[in-house]
Amino acid sequence: MLLARLFDEKFASLYRAGKIMGGVFLGRGQEALSVSIGVHLRTGDVFAPLIRDLAGRLAFHEPVLDAARTYLGSVQGPMRGRDGNVHRGRPKSGQLAMISHLGAMISVVNGILFARRMRGVDGTVGVASYGEGATSTGSFHEALNQAAVEQLPLVVVVANNQFAYSTPTVRQFACDSLLARATGYGVAGAAVDGTDLGACLQVVGRAIAQARAGRGPQLVVASLLRLCGHGEHDDAQYISPALKASPAGRDCVKVAEQYVLQQEWAGADTIAHWRAEAAQTIEAAVVTAQRESAPDPFAPHYWSALASQHRWERREEGS
Amino acid sequence: MLLARLFDEKFASLYRAGKIMGGVFLGRGQEALSVSIGVHLRTGDVFAPLIRDLAGRLAFHEPVLDAARTYLGSVQGPMRGRDGNVHRGRPKSGQLAMISHLGAMISVVNGILFARRMRGVDGTVGVASYGEGATSTGSFHEALNQAAVEQLPLVVVVANNQFAYSTPTVRQFACDSLLARATGYGVAGAAVDGTDLGACLQVVGRAIAQARAGRGPQLVVASLLRLCGHGEHDDAQYISPALKASPAGRDCVKVAEQYVLQQEWAGADTIAHWRAEAAQTIEAAVVTAQRESAPDPFAPHYWSALASQHRWERREEGS
Amino acid sequence: MSITYLEAIRAAQARALAEDPRVFIYGQDVGAFGGAFKATKGLAQEFPGRVVDAPISEDAMAGLAIGAALDGLRPILEMQFADFSTLAFNQIVNQAATLFWRTNVPCPLTLRLPCGGTAGSGPFHSQMLETIYAHYPGLVVLTPATVEDAYSMLLEAVAIDDPVIFCEHKFLYYHLKAEALPTEALPANEARIARTGRDLTIVTYSAMVHEALAAAEELRGEGWEVEVVDLRSVKPLDTDTVMASVARTGRLLCVGEAFPWGGVTAEVVARVVSEGFDLLDAPPMRLNAKDTPVPYHPNLWSAHRPTARTVAMAARKVLHS
Amino acid sequence: MSITYLEAIRAAQARALAEDPRVFIYGQDVGAFGGAFKATKGLAQEFPGRVVDAPISEDAMAGLAIGAALDGLRPILEMQFADFSTLAFNQIVNQAATLFWRTNVPCPLTLRLPCGGTAGSGPFHSQMLETIYAHYPGLVVLTPATVEDAYSMLLEAVAIDDPVIFCEHKFLYYHLKAEALPTEALPANEARIARTGRDLTIVTYSAMVHEALAAAEELRGEGWEVEVVDLRSVKPLDTDTVMASVARTGRLLCVGEAFPWGGVTAEVVARVVSEGFDLLDAPPMRLNAKDTPVPYHPNLWSAHRPTARTVAMAARKVLHS
Ligand SMILES: Cc1ncc(C[n+]2csc(CCOP(=O)(O)OP(=O)(O)O)c2C)c(N)n1
Ligand SMILES: Cc1ncc(C[n+]2csc(CCOP(=O)(O)OP(=O)(O)O)c2C)c(N)n1
Ligand SMILES: [Mg+2]
Ligand SMILES: [Mg+2]
């Protein structure tokens, strides 16, 4: 999560310097929750990350270069310049490449889990990560209900960071806790303090283990705050100082460092060393990506959207 | 509800005789629930009926001729031949003309209630009626959540008749009771035995009264069975004899008659008289509708879909 | 033996299930019940666990099919009526259609859409949807007009590595019969000359092929030889066959059952005139459904869509200009 | 004073709210925050209770607007990006669009769609949606290309008794400036001659009007006088103005930013050739975006859509044929 935090900071500064193609969306404040997903996933599992899931992506073995290349427009990124930033992914490695439409990835994860079952592959878990705003989408509802009907090993992690862009939860839903939805779908539910790494590791880990053990879909609802704007273009003035000062506003990275020190898992110098190492990794990735070339619009492969193009080639398609 | 039952039977027999344009969908077994909606609505209220809501429609003052005219293709029906059977309505009288896409009417009801509030009109209630299958739609979810956020005087009545077309509830949702969804939305919820007229009147009546009193959206879930096919083309073989013999399979009209007799609200002869009267009303409506002419495709008004056609008339539209 | 268009669709699915273990069917009431139109009748029994009932969740249905396709299966997704696919629209055009282009992983799913009008079905059970899907990059849109094509093109749809929108026409389900299932077939992307002629080319697809053929027959009585091109696939669109026909006849009428703005008839006419302007001896013409929802009453319905009679009228106009 | 396209949209909404108590605005983040693009900046404060934040529920958002319109209000519904309207597609094309025709009760709502590409926005924040909406009966689809039209056509959209799909182009939001808001305007359904010429008619709309004008300027250096027709409304489509222009120039190029299959360019070309075949001295031509999703990388993005350079190239082809 330290790597993710520093990487995000790097992206933010590159964004300010005008070096980024498109927008930048940070996970600041949400790394503890996110990393808890990634560390509990295994090869063969499936992860549909949220825009704020750099930590979870990296923990689930996304190559460090993927993010750098995508943000910086290198043709060698996993999306080859076709799609950008948070939409990157490697479906073959279980890292789904999200579409922007919120809620839409959950049923796709369902489909993969369904396919695994049909093919007799056991033990796969799929995690889809969304913000509390996405719970208002029809897609979210249909997919969670579908997973419940099919009893799929799906874990949906909802990061309730109190805002969907600028919209506070009071304009998003009227229930006391989103956890109540779990009962409505007939799935297991668990709440967690998203600023507390230890708690996140435990609760998310348990949900993933339960799903893996065949206990059906799991809903995890974390409360926290994003310690940044919706995107780097947004100064998030709508988040009140009181909320920032509340427990939800704790910086999960600081809390985690504190915890590591307290538990004497590592000393301050070790943490400083981690930090330096992470910074170096990031710097190297950024330098590499910046040196790589941009996509070449004259390469014809960019301009065909069909996998079965060869089938149609006998007859030329007009414009 | 007796009128609705007999009317439905008439439609079924007209359908078998090939006298109906399009399909016929009956409310057999669901009249007690349906009529309970209609009787509690007032002028100015809004009702988005389900395909099985003839009883509720009539109780909410739908002209008897509307159904006959629509099913029999009279140009004098409220839809003027443009749309058919269960899609009929009179929006200006609060009887919404549903589109087929399940769940889609709830947010429209929300919009009317929202408009009333914005215009300072008080005391309007809106009811949307759906089967349990419709609860799986994204539209249902979005709209109920929207009503909760806006605290609109919406009542959603779900007739859980155990099947969506042929699909049993076990393939539709995995929760113990759909009532659990109410908590998830932060709205009031109530269950009712849909075969019991007295219970339906009370529970639906209370929900409507609560909404009218400003207590926010209400979800009513009734359990019952449809005592017919999905439409008259369907013999409903998928409904097991055991289920038909269960309490949910009771015929609500018989139960109601029993109840009326028991309570001594009326004697057997009075009921027989009601029946005869209803049959006469129906016969008259059918005869009238059958005598009326069909729509004339050469009438130009059929072929323009815009209310503001006059705006565009200066320039002719091609093809 | 005689087999209907609908039975051909069922038979193609049975064969796909039998021959390819990656194939499964997902849709509302497709299991034990056999589907609203019985297009999957008996298949759940014959292929246990591979014909699966879905909840009324079109968006999630499409999403599940996409995920399964991504993972290497070959889902056939049935919409109960094409009209309800508007609720899966986002998953289809934004998720399924973009997946291969974005990630290089194919998304081989077949979406069966029972399309088109029948008398008394009204605005929400009669729509033609090919226009809106064909507009989006990354989708293949097939519109079989014959029993043989219903069969062979559905099999090919399942084999294609892209999302295929399979527009089957409900009006043809029971009416249209063939002697037997075909043993060989044109590739799905090639148009077919359904009737040869030298005076006028009518380009059409799906149920309108039969209206055009009937019109051609009627016009034969008046001394005209009308050629009818059945597009079969509207995306990709076989411009070559169309152009070759127009080169022979010099005249073009394009007929579709969809709403008039945009769509197949506009695309065909626009392509022919930009690529083969000099082939035309007279202005090309289009005939579409009217620009209103599809009416419920049979009187209105049959005036809303093109029929043999109105096709013949339009053809006479082109022939005489 | 100078006012941008985006400010004009804000100003039109402010005026509509001020002049008509039936108007309200509904959309994600449109309230205190003023909208993702600030098109409603300050309006929630100025008109308390009438600029309302919606949950992330596009289907229900559209449904609520439809219900309110049915009850006599005049909702303006903002989609955060046009691309997300696919989730409201069913409510728009099946509920809003059919309502008047079915029930005789009008549904006067305005749907604001921030459309079109900007560099780095990628496949899901760049789409043009006019094609799929224009296909459906019962909708009016407006595509303003200028600051003046953004203002006056949005006001007219609110006044129109039908559901209006208002396609505002994000590329023009900040770039395009005018001296002042207009005091009078053409009716929304009339096309406008954006530049007169005698050698070629370029028919286009939305952001492409500016690419076409730049191309025309470039071609002037080569001795060509190119006329540019800005359609303004793609449905209804002002065929008269287009035909009159083609009658003068004898040559037609139709340019759109949407995907190539179907759409405005096909519709325009098909209408012109069926109704005005003899006006043309050369084959008409179309120029659209490429048939893939909209790419994210600026290099690819600017090759995906038509630009002044490619418009000029296409124009030269038509001029020389
Ligand atoms: C269906 C849909 N509607 C609107 C948007 C635009 N949008 C992108 S992010 C966002 C807010 C999301 O809030 P939330 O789900 O709480 O996640 P967070 O950003 O807070 O992590 C919105 C409205 C979208 N991506 N998808
Ligand atoms: C979104 C959508 N998908 C599919 C259909 C087709 N359809 C019509 S009725 C029906 C079953 C509805 O079941 P339920 O909601 O339980 O109501 P019931 O018929 O049992 O009263 C289906 C699938 C539809 N109308 N809308
Ligand atoms: Mg949030
Ligand atoms: Mg039911």
Side-chain angles (χ1 to χ4, degrees), chain A residues 46 48 78-80 82-83 87-92 96-101 103-119 121 126 137-150 152 302-312 314-319, chain C residues 21-22 24 26 49-50 52 54-73 75 87 90-91 94-95 97-108 136-140 156 159-162 187-190 233 235-241 271 274-275:
Chain A
V46 180
M79 310 308 277
R80 302 158 292 156
R82 295 170 185 221
D83 205 344
H87 301 93
R88 70 185 182 274
R90 297 182 174 271
K92 288 286 177 205
L96 298 192
M98 69 174 206
I99 67 168
S100 294
H101 305 70
M105 300 309 297
I106 307 177
S107 57
V108 175
V109 174
N110 288 349
I112 297 175
L113 300 173
F114 183 92
R116 298 284 163 91
R117 182 164 72 198
M118 192 161 270
R119 288 164 38 207
V121 177
T137 64
S139 305
F140 187 99
H141 168 77
E142 292 191 0
L144 198 45
N145 183 61
Q146 177 183 58
V149 167
E150 291 293 344
L152 297 171
Y302 281 116
W303 308 120
S304 156
L306 293 179
S308 53
Q309 190 58 30
H310 55 91
R311 268 184 193 268
W312 323 113
R314 200 190 65 80
R315 303 195 175 261
E316 230 94 285
E317 262 273 86
S319 82
Chain C
R22 299 169 303 172
F24 72 97
Y26 190 53
R50 294 172 62 200
V52 180
I56 307 181
S57 302
E58 281 76 9
D59 181 280
M61 285 163 63
L64 185 143
I66 292 165
L70 194 54
D71 207 50
L73 298 190
L87 294 158
N90 184 58
Q91 293 283 12
N94 283 320
Q95 185 104 254
T98 68
L99 199 63
F100 173 72
W101 185 82
R102 292 170 64 236
T103 68
N104 218 25
V105 182
C107 182
Y136 281 87
L139 300 175
V140 170
E156 187 169 349
I160 288 172
D161 268 344
D162 290 297
N189 57 314
E190 291 186 29
S233 164
K235 190 167 187 190
L237 189 61
D238 179 1
T239 321
D240 287 3
T241 299
R271 288 198 194 186
S274 19
E275 297 164 39

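Residue numbers begin at 1 in each chain, while the letters A, B, ... track the order of the sequences.
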Interface moiety of [X] toward chain A, non-hydrogen atoms closer than 4.5 Å:
X        : result
C:Pro137 : both
C:Gln95  : both
C:Ile160 : both

Against chain C, label [X] side chain, backbone, both or neither, depending on which of its atoms sit under 4.5 Å from a heavy atom there.
X        : answer
A:Met79  : both
A:Arg116 : both
A:Ser304 : backbone
A:Leu96  : side chain
A:His141 : neither
A:Arg80  : side chain

All side chain to side chain contact (heavy atoms under 4.5 Å, CB included) counterparts of C:Ala69, not counting sequence neighbours:
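Result, side chain to side chain contact (heavy atoms under 4.5 Å, CB included) vs C:Ala69: C:Pro75, C:Cys107, C:Pro108, C:Leu109.
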
For the pair [X] (side chain) and [Y] (backbone), establish whether a donor and an acceptor sit closer than 3.5 Å, ignoring hydrogens and angles.
X        : Y        : value
C:Glu156 : C:Ala188 : yes
C:Ser57  : C:Ala60  : no
C:Trp101 : A:Ala307 : no
C:Lys235 : C:Tyr136 : yes
A:Asn110 : A:Gln146 : no
C:Ser233 : C:Pro236 : yes

side-chain hydrogen bond (donor to acceptor under 3.5 Å, both in side chains) between A:His101 and A:Ser139: does it pass, once the steps are laid out?
CA-CA 9 Å; A:His101 305 70; A:Ser139 305; over 6 Å; no

Heavy atoms only, distances under 4.5 angstrom: which of [options] has the most pairs with chain C? Name it, please.
options                      : value
A:Ala143, A:Gly103, A:Ala104 : A:Ala104
A:Lys92, A:Glu150, A:Arg119  : A:Arg119
A:Leu113, A:Asp83, A:Leu306  : A:Leu306
A:Val108, A:Asn145, A:Ile106 : A:Val108

Selection from C:Asn90, C:Val105, C:Leu139 maximising heavy-atom pairs under 4.5 Å formed with chain A
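Top count of heavy-atom pairs under 4.5 Å with chain A: C:Asn90.
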
Option that, when pairs with chain A are counted at under 4.5 Å, heavy atom only, ranks first among C:Asp162, C:Asp161, C:Val140, C:Asp59:
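Of the options given, most contacts go to C:Asp162.
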
Nearest 0.5 Å please: distance from the CD1 atom of C:Ile66 over to the CD atom of C:Gln91.
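Output value for this atom pair is 5.0 Å.
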
Looking only at heavy atoms, which two atoms of A:Ala305 and C:Phe100 are closest? And how far apart?
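Looking at all heavy atoms of both residues, the shortest contact is O-CD2, 3.7 Å.
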
